[in-house]
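Read the structure below first, then the notes.
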Amino acid sequence: MGNVDRAAWVPDDDPERDWELASELAVAWTQRECDEQGATGVLVLNAFGVEDHSPALRRFRARHSCTTPRADRSRVGRGIGPVLAYAPTEKTLDFAMSLARGSSIAVVEGTQFPLRGWAQQLGAVDLTRPDDEPAQIPPRLAEAIDRLDFYGNNGFGDRFGKQQAQNILRDLCDVGALDGDIILGAMAARGASDRSVRNLAKLIEALRR
């Protein structure tokens, strides 16, 4: 499961689902993880103040740590305990994953970054359907993601890595199997930097034009 032991998420797949309910589900799961591990949790936000609009997040913040990618990282160590990331961007998710290393993470999906591929790559429990088996990445996409991961060491910013990624993505596009949401999320779950994910997103978008 990559660098984390367990993962869970609340997908943004129901327009009728209240954001507070999503927060409550993620908070309850993360608190159980903290209790089982005897560890302090971390709430990771895109920016401070978001939690003020959610009673569940405020309660979690009162018992645990709270940080953002812009905050002083020395205040929160890496791999110290369970992490709850709320509606993260790719940058915030990258940061949250680094903090959750060796522990567990729950993520509430927002509108800024798709998490379907992230969840499938990690086998994350869908907290809205906890009894369902986690979905798996289709074999053709999984093979392509393996290859992208191999060539992504330089964040797809160098000419060679970019060309290889374009070839892989074009092959998927030719057979109608290009699913950017799954690819980007899965790469994030594998530890790709937010820069890598953004560069890959640009290559995917160029193929769709």
Heavy-atom closest pair, residues Ala26 and Leu127: CA-CD1, 3.9 Å

Sequence neighbours excluded, every pair satisfying salt bridge (charged side-chain N to carboxylate O under 4.0 Å, His left out) that has a member inside residues 192-202: Asp194-Arg198

Closest approach of Ala106 to Thr30 (non-hydrogen atoms, all atoms of both residues): CB-OG1, 3.4 Å

Trp9-Val125 co-clustered via ILVMFWY side chain contacts under 4.5 Å: no

Shortest non-hydrogen contact between Ala85 and Ala96, atoms and distance: CB-CB, 3.9 Å

Path from Leu200 to Leu115 over hydrophobic side-chain contacts below 4.5 Å: yes

ring-ring contact (aromatic ring centres under 6.0 Å, His included) partners for Tyr86, two or more places apart: none

Stepwise side chain to side chain contact (heavy atoms under 4.5 Å, CB included) test for His53 and Arg58: CA-CA 8 Å; His53 303 286; Arg58 289 202 304 272; 6.0 Å; no

Side-chain touch Leu172/Ile183, heavy atoms, less than 4.5 angstrom: yes

Contact list for residues 123-161, test ring pair (Phe, Tyr, Trp, His ring centres under 6.0 Å), sequence neighbours left out: Tyr151-Phe160

Distance-only side-chain donor-acceptor flag, Ser103 / Gln37, under 3.5 Å: yes

Residue pair Ser104 / Asp5, side-chain donor-acceptor N/O under 3.5 Å: no

Minimum heavy-atom distance Trp118-Leu93, with the two atoms named: CD1-CD2, 3.8 Å

Connected via hydrophobic side-chain network under 4.5 Å: Phe113 and Val108: no

Arg140 vs Val175 side-chain heavy atoms within contact, under 4.5 Å: yes

Side chain to side chain, Glu51 and Leu43, heavy atoms closer than 4.5 Å: yes

Taking every non-hydrogen atom, the tightest pair across Ile145 and Ala186: CD1-CB, 3.6 Å

Reported CZ-to-CG distance for the pair Arg208 and Leu178, which is rounded to 0.5 angstrom: 5.5 Å

Glu90: partners by salt bridge (charged side-chain N to carboxylate O under 4.0 Å, His left out), with sequence neighbours left out: none

Asp94 bridged to Lys91 by N-O distance under 4.0 Å: no

Residues forming a salt bridge (charged side-chain N to carboxylate O under 4.0 Å, His left out) with Arg17, sequence neighbours excluded: Asp13

Side-chain heavy-atom pair Arg129, Pro11 within 4.5 angstrom cut-off: yes

Residues that Gln136 engages under side chain to side chain contact (heavy atoms under 4.5 Å, CB included), provided they are two or more places apart: none

Hydrophobic cluster membership, Leu122 vs Leu99, 4.5 Å side-chain cutoff: yes

CZ on Arg147 to CG on Leu169, rounded to 0.5 Å: 9.5 Å

For Asp146, salt bridge (charged side-chain N to carboxylate O under 4.0 Å, His left out) partners two or more places apart: Arg190

Beyond-backbone contact of Gln120 with Ile182, side-chain heavy atoms, under 4.5 angstrom: yes

Result of checking Val44, Val107, Thr67 against Val83 for side chain to side chain contact (heavy atoms under 4.5 Å, CB included): Val44

Arg159, CZ atom: more than 12 neighbouring heavy atoms under 6.0 Å: no

Which residues share a salt bridge (charged side-chain N to carboxylate O under 4.0 Å, His left out) with Asp52, sequence neighbours left out: Arg61

Residues in side chain to side chain contact (heavy atoms under 4.5 Å, CB included) contact with Ala28, at least two apart in sequence or another chain: Arg32

Side chain to side chain, Cys66 and Leu45, heavy atoms closer than 4.5 Å: yes

Approximate separation, where rounding is to 0.5 Å, of Asp12 CG and Thr128 OG1: 11.0 Å

Interatomic spacing from SG in Cys173 to CD1 in Ile204 - rounded to 0.5 Å: 10.5 Å

Cluster link Met97 to Leu148, ILVMFWY, side chain under 4.5 Å: yes

Sequence-distant partners of Asp18, side chain to side chain contact (heavy atoms under 4.5 Å, CB included), two or more places apart: Glu20, Leu21

Spatial distance of atom CE (Met187) from atom OG (Ser193) [nearest 0.5 Å]: 9.0 Å

Any side-chain heavy-atom pair of Arg101 and Val4 under 4.5 Å: no

Set of residues satisfying side chain to side chain contact (heavy atoms under 4.5 Å, CB included) with respect to Glu133, sequence neighbours excluded: none

Ala189 backbone acceptor or donor facing Gln121 side chain under 3.5 Å: no

Side chain proximity check, Asn46 to Gln112, heavy atoms < 4.5 angstrom: yes

Listed once per pair and sorted, the side-chain hydrogen bond (donor to acceptor under 3.5 Å, both in side chains) pairs that draw on residues 169-183, sequence neighbours left out: Arg116-Asp179, Asn167-Arg170

Nearest-0.5 Å distance that lies between atom NE2 in His64 and atom CZ in Arg59: 11.5 Å

Residue pair Ile137 / Ala142: nearest heavy atoms and the distance that separates them: CG2-N, 3.6 Å

